[in-house]
Amino acid sequence: MVFEEMGITFSVAPSCILRDSDAYPGGEWLPGAVLNAAANCLTAKPGRTSSDVAIVWRDEGKDSEPLNFVTVEELRKKSSLVANALDALNLAKGSAIAIDMPMNVNAVVIYLAIVLAGYIVVSIADSFAAPAISTRLKISEAKAIFTQDCILRDDKELPLYSRVVEAKAPMAIVIPARGSTPIKGLRTDDLSWEDFLGRADRTTAGIYTAVEQPAYQFSNILFSSGTTGEPKAIPWTHLTPLKAAADGWCHMDIRKGDVVAWPTNLGWMMGPWLVYASLLNGASMALYNGSPNSSGFAKFVQDAKVTMLGVVPSIVRTWKNTDCTAGFDWSNIRCFSSTGEASSVDDYLWLMGRACYKPVIEYCGGTEIGGGFITGSLLQPQALSAFSTPAMGCNLFILDSNGNPLPHDSAGIGELALDPTLFGSSTTLLNADHHEVYFSGMPEWNAKVLRRHGDEFERTADGYYRAHGRADDTMNLGGIKVSSIEIERICNRVNDAILETAAIGVPPVGGGPEQLTIAVVFKDQSPQAEDLNQLKLMFNSALKKLNPLFKVSSVVVVPSLPRTASNKVMRRVLRKEFTQAKHSKI
């Protein structure tokens with residue numbers, strides 16, 4: 001029914017919706033189906049025409065100028081031109097091609113073109129430093145990369161191409177951040193955007209026959225932190241986009257003619273999610289090429305008549321503290337949605353007030369899910385900073401202290417587990433054992449081994465769900481999942497006096513995004529308070545190499561780190577201690 005609502009077309013229809021299969025945990029979805037997810041985005045949906053708007057956009061600093069629009073037909077032609085130019089590079093079909101650039105019209109065109117032409121997108125966030133870019137290029141074996149010369153933010157030019165070069169990337173196609181500005185100093189094998197497009201046969205440049213793919217063929221490689229320090233490489237198939245779009249249809253009520261905005265990047269799963277959840281549902285995608293923490297973005301939401309605005313809690317907190325949304329009319333918004341990290345009740349009550357108290361649909365999932373496993377619904381009463389329902393087609397369980405599922409209707413807290421029969425979820429990893437990561441050691445339910453997720457959840461007495469952070473050693477900093485081990489490796493080398501460190505995500509008093517606390521064990525005596533402030537600055541400076549967005553909130557000296565009998569650091573114990581210490585200071 002949902003596929004009919006979204007007008008999904010298959011070049012070969014599936015033999016059925018779901019069948020048992022030993023090869024796929026939870027069963028095989030749409031067996032025998034052949035389709036192209038990008039091609040489904042580039043055709044008019046039922047009740048829509050090719051002249052309808054696919055993307056509405058504006059550049060930062062041009063807030064008083066008229067909006068820019070790209071129709072479905074224009075998006076199809078632009079994507080076809082890039083797909084033809086890609087074929088002229090003579091890369092083997094199925095090759096991995098990276099994108100490392102801000103989420104603007106060109107990025108969306110490139111993303112769709114790569115999938116349309118039968119290649120695989122490698123998603124890399126534009127905030128990453130060179131080592132992180134290099135790691136992802138190597139794991140994915142990318143053959144080329146699309147990037148920009150720089151990123152324009154708040155009248156500043158932030159280098160991007162130079163980071164790609166430092167990462168020793170393969171052939172780069174470099175797009176100027178300022179229109180047609182020529183780019184100088186490219187490597188020998190790199191191409192300017194103009195030269196790249198010039199390789200396409202202009203007589204047929206706007207026409208492209210999609211490469212139809214088996215449903216489980218890879219379309220995108222994304223990354224999520226693992227507890228070993230190396231990011232997990234998670235392939236999306238041509239089914240995963242349908243899961244993302246179905247979530248948007250069911251839970252955020254994204255429908256034909258809507259305008260959907262969600263500040264994000266193609267390097268994170270919400271970037272591709274936004275593309276598919278908008279276009280497959282016949283909605284327009286709203287892209288602001290600039291900082292969302294500004295009155296310019298708030299005006300764009302007003303002028304574009306956004307109907308569904310997605311957020312992360314840290315953005316909302318900035319809006320509230322700076323009051324940059326004041327004076328703008330957000331009355332077209334039907335609902336908000338929030339993901340990435342724990343939200344604050346006070347902040348989100350304030351957010352609802354910007355749009356006549358429209359609800360916030362909390363949305364929690366994962367890159368390996370292709371969307372959400374728990375969320376809210378406009379058909380149910382919502383509670384702030386809480387979830388009201390498992391996502392459509394998902395069955396979830398809270399495990400007790402013995403690892404057994406609690407009864408579905410009982411209150412309790414514990415690690416969350418998922419029914420493996422979950423449409424669109426991952427079935428393999430490029431650089432890890434999928435079964436070991438998600439299924440090994442998990443309990444059975446109805447003769448099926450449950451799927452591990454790693455979050456700790458609570459089901460309240462009144463039937464809502466609340467998230468309590470990671471149950472493993474992965475943190476969520478500003479909506480970015482990162483392994484504690486990645487941070488600790490860097491912090492351990494900052495000062496010779498350090499014996500070892502533990503990186504802990506601690507929720508602030510009153511709720512909200514986790515704050516990074518570093519527990520430090522020194523080789524000798526403890527330093528003075530001023531030395532700890534200096535150490536905090538040193539940590540922050542060093543962590544910029546991992547991600548410039550990571551900031552240490554506090555440094556705590558401990559005599560030793562709590563460990564299990566097998567010598568594993570018990571970060572959960574430290575997290576509980578630091579959280580209680582914060583609350584005791586109130």
request  = In plain terms, say whether Asp303 and Arg58 are close enough for a salt bridge, that is, a side-chain N and a carboxylate O under 4.0 Å apart.
outcome  = yes
key: Separation between CG of Leu112 and OG of Ser79, rounded to the nearest 0.5 Å   = 4.5 Å
request  = Considering non-hydrogen atoms only, spot the tightest contact between Trp57 and Val105 and give its length.
outcome  = CD1-CG2, 3.4 Å
query = Is there a donor-acceptor contact under 3.5 Å linking the side chains of Thr71 and Ser51?
reply = no
query = Any salt bridge between Arg178 and Glu157, counting N to O under 4.0 Å?
reply = yes
inquiry  = One pair to check against side-chain contact (heavy atoms from CB on, under 4.5 Å): Leu309 and Val260. What are the steps and the verdict?
reply    = CA-CA 6 Å; Leu309 177 57; Val260 183; over 6 Å; no
ask   = So, Glu74 and Lys77, do they make that salt bridge, N to O below 4.0 Å?
value = no
Donor + acceptor pair across side chains of Tyr276, Trp236 (<3.5 Å) = no
ask   = What class does the angle between the rings of Phe336 and Trp330 fall in, given that below 30° is parallel, 30 to 60° is tilted and above 60° is perpendicular?
value = tilted
message = Could you go through Val275 and Met103, starting from their C-alpha distance and side-chain angles, then the distance that decides it, and tell me whether this counts as side-chain contact (heavy atoms from CB on, under 4.5 Å)?
response = CA-CA 10 Å; Val275 173; Met103 187 150 180; 3.8 Å; yes
ask   = How close do Pro102 and Asn265 get, heavy atom to heavy atom, and via which atoms?
value = CA-ND2, 3.8 Å
Throw together a table of side-chain donor-acceptor distances under 3.5 angstrom for residues 38-48, partners on residues two or more places apart or in other chains.
{"unit_1": "Asn40", "atom_1": "OD1", "unit_2": "Thr9", "atom_2": "N", "d": "2.8"}
{"unit_1": "Asn40", "atom_1": "OD1", "unit_2": "Thr9", "atom_2": "OG1", "d": "3.2"}
{"unit_1": "Asn40", "atom_1": "ND2", "unit_2": "Thr9", "atom_2": "O", "d": "3.2"}
{"unit_1": "Asn40", "atom_1": "ND2", "unit_2": "Asn36", "atom_2": "O", "d": "3.1"}
{"unit_1": "Lys45", "atom_1": "NZ", "unit_2": "Met6", "atom_2": "O", "d": "3.2"}
{"unit_1": "Lys45", "atom_1": "NZ", "unit_2": "Asn40", "atom_2": "O", "d": "2.7"}
{"unit_1": "Arg48", "atom_1": "NE", "unit_2": "Gly282", "atom_2": "O", "d": "2.9"}
{"unit_1": "Arg48", "atom_1": "NH2", "unit_2": "Gly282", "atom_2": "O", "d": "3.2"}

task = Could you check whether the rings of Trp193 and Phe146 sit parallel, tilted or perpendicular, using 30° and 60° as the cut-offs?
result = perpendicular
inquiry  = Please find the pair of heavy atoms, one from Ile234 and one from Ser426, that lie closest to each other, and give the distance.
reply    = CG2-CB, 4.1 Å
request  = Anything under 30° is parallel, anything over 60° is perpendicular, the rest tilted; go ahead and classify Phe297 against Trp319.
outcome  = parallel
inquiry  = Using the rule given for ring-ring contact (aromatic ring centres under 6.0 Å, His included), can you reason through Trp268 versus Phe223, listing the C-alpha separation, both sets of side-chain angles and the distance that settles it, and then say yes or no?
reply    = CA-CA 8 Å; Trp268 311 116; Phe223 297 88; 9.9 Å; no
ask   = Hey, are Asp329 and Ser331 close enough side-chain-wise for a donor-acceptor pair under 3.5 Å?
value = yes
Candidates Tyr363, Tyr464, Phe457 - the one meeting ring-ring contact (aromatic ring centres under 6.0 Å, His included) with Phe387 = Phe457
Electrostatic pair Arg334:Asp253 at N-O distance under 4.0 angstrom = yes
inquiry  = I'd like to know if the side chain of Ser554 pairs up with that of Thr517 as donor and acceptor (distance under 3.5 Å, no hydrogens or angles considered).
reply    = yes
ask   = Short question: side chain of Tyr465, backbone of Thr460 - any donor-acceptor pair under 3.5 Å?
value = no
ask   = Only one of Leu546, Asn547, Val552 forms a side chain to side chain contact (heavy atoms under 4.5 Å, CB included) with Ile487, so which one is it?
value = Leu546
message = If we ignore hydrogens and angles and just use 3.5 Å, is the side chain of Glu368 paired with the main-chain N or O of Ser425 as donor and acceptor?
response = no
request  = Output yes when Asp63 and Lys299 qualify as a salt bridge under the 4.0 Å nitrogen-oxygen rule, no when they do not.
outcome  = no
inquiry  = Does either side chain, that of Ser192 or that of Asp195, offer a donor lying less than 3.5 Å from an acceptor on the other one?
reply    = yes
request  = Could you go through the side-chain contact (heavy atoms from CB on, under 4.5 Å) check for Ile133 and Arg163 one step at a time?
outcome  = CA-CA 8 Å; Ile133 297 171; Arg163 280 186 267 148; 4.0 Å; yes
Step-by-step side-chain contact (heavy atoms from CB on, under 4.5 Å) determination, Glu514 to Val506 = CA-CA 5 Å; Glu514 291 182 344; Val506 180; over 6 Å; no
task = Please report the closest heavy-atom contact between Lys243 and Met392, naming both atoms and the distance.
result = NZ-O, 4.3 Å
ask   = Just checking, any donor-acceptor pair under 3.5 angstrom between side chains of Ser338 and Tyr348?
value = yes
task = For the pair Asp247 (side chain) and Gly372 (backbone), establish whether a donor and an acceptor sit closer than 3.5 Å, ignoring hydrogens and angles.
result = yes
message = Taking Gly376's backbone N and O only, do any of them form a donor-acceptor pair with His251's side chain (distance below 3.5 Å, no angle check)?
response = yes
request  = For atom NZ of Lys320, decide whether the heavy atoms of other residues, nucleotides or ligands shown that lie under 6.0 angstrom number more than 12.
outcome  = yes
ask   = With a 3.5 Å cut-off and no angle check, do the side chains of Ser123 and Asn220 form a donor-acceptor pair?
value = yes
request  = Might you confirm whether atom CD of Glu194 has over 12 heavy atoms from other residues, nucleotides or ligands at distances under 6.0 Å?
outcome  = no
ask   = Do Asn104 and Tyr288 get their side chains close enough for a donor-acceptor pair, meaning under 3.5 Å?
value = no
